[in-house]
Visitor: 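Dropping a structure here in structure tokens format, bear with me for questions.
We name chains A, B, ... by the order of the sequence lines, and we start the count at 1 in each one. Values in this document were obtained by computation on a predicted structure and should not be read as measured data.
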Amino acid sequence: MPPSARETLDLNLPSSMDYLSLVNGVAEEIATRLEVDEALKDTLTTAVIEACTNAIEHGNREDPSKTVKIRFEYDAEAFSVTVTDEGKGFDLKLVDDPVKPENLLRERGRGIFILRAFMDEVNYRFDPAGGTTVQLVKNLGAKAQTAS
Amino acid sequence: MPPSARETLDLNLPSSMDYLSLVNGVAEEIATRLEVDEALKDTLTTAVIEACTNAIEHGNREDPSKTVKIRFEYDAEAFSVTVTDEGKGFDLKLVDDPVKPENLLRERGRGIFILRAFMDEVNYRFDPAGGTTVQLVKNLGAKAQTAS
Amino acid sequence: MNLKRVDRGDVTVLVLSGKLMGGPDSVLFQDMIKDLLGADRKNLVADLKSLSWVNSTGLGILISGYSSVKNAGGVLKLAAVASRIESILMITKLTTVFETHKTVDDAVESFGGE
Amino acid sequence: MNLKRVDRGDVTVLVLSGKLMGGPDSVLFQDMIKDLLGADRKNLVADLKSLSWVNSTGLGILISGYSSVKNAGGVLKLAAVASRIESILMITKLTTVFETHKTVDDAVESFGGE
Ligand SMILES: Nc1ncnc2c1ncn2[C@@H]1O[C@H](COP(=O)(O)OP(=O)(O)O)[C@@H](O)[C@H]1O
Ligand SMILES: Nc1ncnc2c1ncn2[C@@H]1O[C@H](COP(=O)(O)OP(=O)(O)O)[C@@H](O)[C@H]1O
């Protein structure tokens, strides 16, 4: 049964791509707990993986001595995940649109686009002291929708 | 490949038995990363589950608003896991021996015994301010052995 | 854990799969045993071939079943125990409590044929 | 990701399974494509039936393969795309890049028979 009160789960891990499969497993377990359907489960786990990939790759430059902090907060109404790295951040305005025809064959540059397509809220916070946090929110209530 | 430097992974979660399967998944992923054989993987995950079961059930009395903190630290030489609850602790001297003939048919009371059988070190720390921490260590180097 | 029941003559095989670790598993298993004893079926085999994992709470569930069946004059035997579960049964000396058979067929036959 | 190669006439089917998410997957896939192009095999089908999941890095791997094959005068088509992966391909408009077929047989036949 989905939790009646809002629950919080923290996962702090070394910055290596090798941990993506562990993160995927944790996100799937939480989605199972929330009793969302398979499509929504895929949406949530994909978004979590994209945010963590960026934190590990761009934020912490795959330095395993740096930590990526993931906080999941959820109840039957909403799923939120906050991913924080120790990096210098970036300029959101410089992020290209991957579905422009001239960008379609680029190998990279689809992560943030997928986050925005899949989730209801995507908020970046750049800490002047260093560190990037992205918060993703998906509504699970009556109005909840899956990606497709 | 197993990590060359010691790595730390933290997992903090609500005190519900429903989370044991998530904990099991995380422990399995770490064991996979350490490239231990299947028997040792079973040993490590079983020990982690036993420690977490006690923290959730006895320490935090299955109150999901209370947190169980799990810290994994590992490299190719050793696997350590520290599980901390918010409970009042207990008297280790009062824990019965489950393999005494008169105790064999008891339904409970095998958790700590299994921890001691499976792991190389089992250390309890009772914080006078409240909270129980158990640290489990398994050597993975040349002298490492599985439970059986 | 998933639980399935297969009757073979006057022996009932309980097929356990997944992970046995307390909580809802306990009620599921106890209810099944109660139903069987209520129907006077007391020759039971727990088929553990597809059970991937058990913790100390799960061991307690098996023992509770064992005791209920024994009190009713029957017996619950184990069959096809995977090695990871075997090692827990050995360490906790529960191998001295449970009669264990390599295969389900062996366990069923040990009751004196189907 | 696991990668298997099956030749069917002058078409080669690449069977991907598991999760496609960058890192070692990228090298594995690129090496395979290089080998095939080196052997002058340019009619390729990626069978995604058993691929359970892909992220944006994984999409990049497919595109990199697509471009290498195209530059060599061949084509990499997709077949049997699961719905969770289909939805990512649609959102990123990669359905306009990849020729996609319902089944591997359809994809193989689209090259003009085995
Ligand atoms: N956590 C982060 N820290 C620093 N830079 C980031 C972070 N996340 C994204 N970026 C920047 O934004 C760009 C676009 O990211 P994204 O859309 O996920 O595509 P990709 O990661 O494939 O390049 C990245 O190339 C990177 O420059
Ligand atoms: N984290 C804990 N906090 C409080 N009491 C505990 C804790 N861990 C174990 N205990 C006590 O020790 C006893 C024995 O534990 P264990 O051997 O794991 O068996 P079981 O949990 O099945 O009773 C428990 O019944 C409980 O009283």
Visitor: Please round to the nearest 0.5 Å and tell me the distance separating atom CE of Met21(D) and atom OG1 of Thr46(A).
Guide: 11.0 Å
Visitor: Under a 4.5 Å heavy-atom cutoff, which of Lys93(D), Glu86(D), Arg84(D) has the most pairs with chain A?
Guide: Arg84(D)
Visitor: Taking side chain as everything from C-beta outward and backbone as N, CA, C, O, which of these in Thr53(A) sits under 4.5 Å from a heavy atom of chain D? Side chain, backbone, both or neither.
Guide: side chain
Visitor: Any non-hydrogen side-chain atom of Trp53(D) less than 4.5 Å from a side-chain atom of Asp42(A)?
Guide: no
Visitor: For Arg5(D), I'd like to know if atom CZ has over 12 heavy atoms of other residues, nucleotides or ligands within 6.0 Å.
Guide: yes
Visitor: Find the distance between CD1 (Ile91(D)) and CZ (Phe113(A)) and round it off to the nearest 0.5 Å.
Guide: 7.5 Å
Visitor: With side chain to side chain contact (heavy atoms under 4.5 Å, CB included) as the test, would you mind laying out the steps for Glu38(A) and Ser83(D) before giving the verdict?
Guide: CA-CA 10 Å; Glu38(A) 284 301 308; Ser83(D) 70; over 6 Å; no
Visitor: For residues Leu104(A) and Leu94(D), report the shortest heavy-atom separation together with the two atoms involved.
Guide: O-CD2, 3.6 Å
Visitor: Flag yes if more than 12 heavy atoms outside Lys69(A) fall under 6.0 Å of its NZ atom; otherwise flag no.
Guide: no
Visitor: What part of Leu20(A) is in contact with chain D, defined as an atom under 4.5 angstrom from a non-hydrogen atom: side chain, backbone, both or neither?
Guide: both
Visitor: Tabulate, in ascending numerical order, the residues of residues 55-81 of chain D having at least one heavy atom closer than 4.5 Å to a heavy atom of chain A, or enter 'none'.
Guide: Asn55(D), Ser56(D), Thr57(D), Leu59(D), Gly60(D), Ile63(D), Ser64(D), Tyr66(D), Ser67(D)
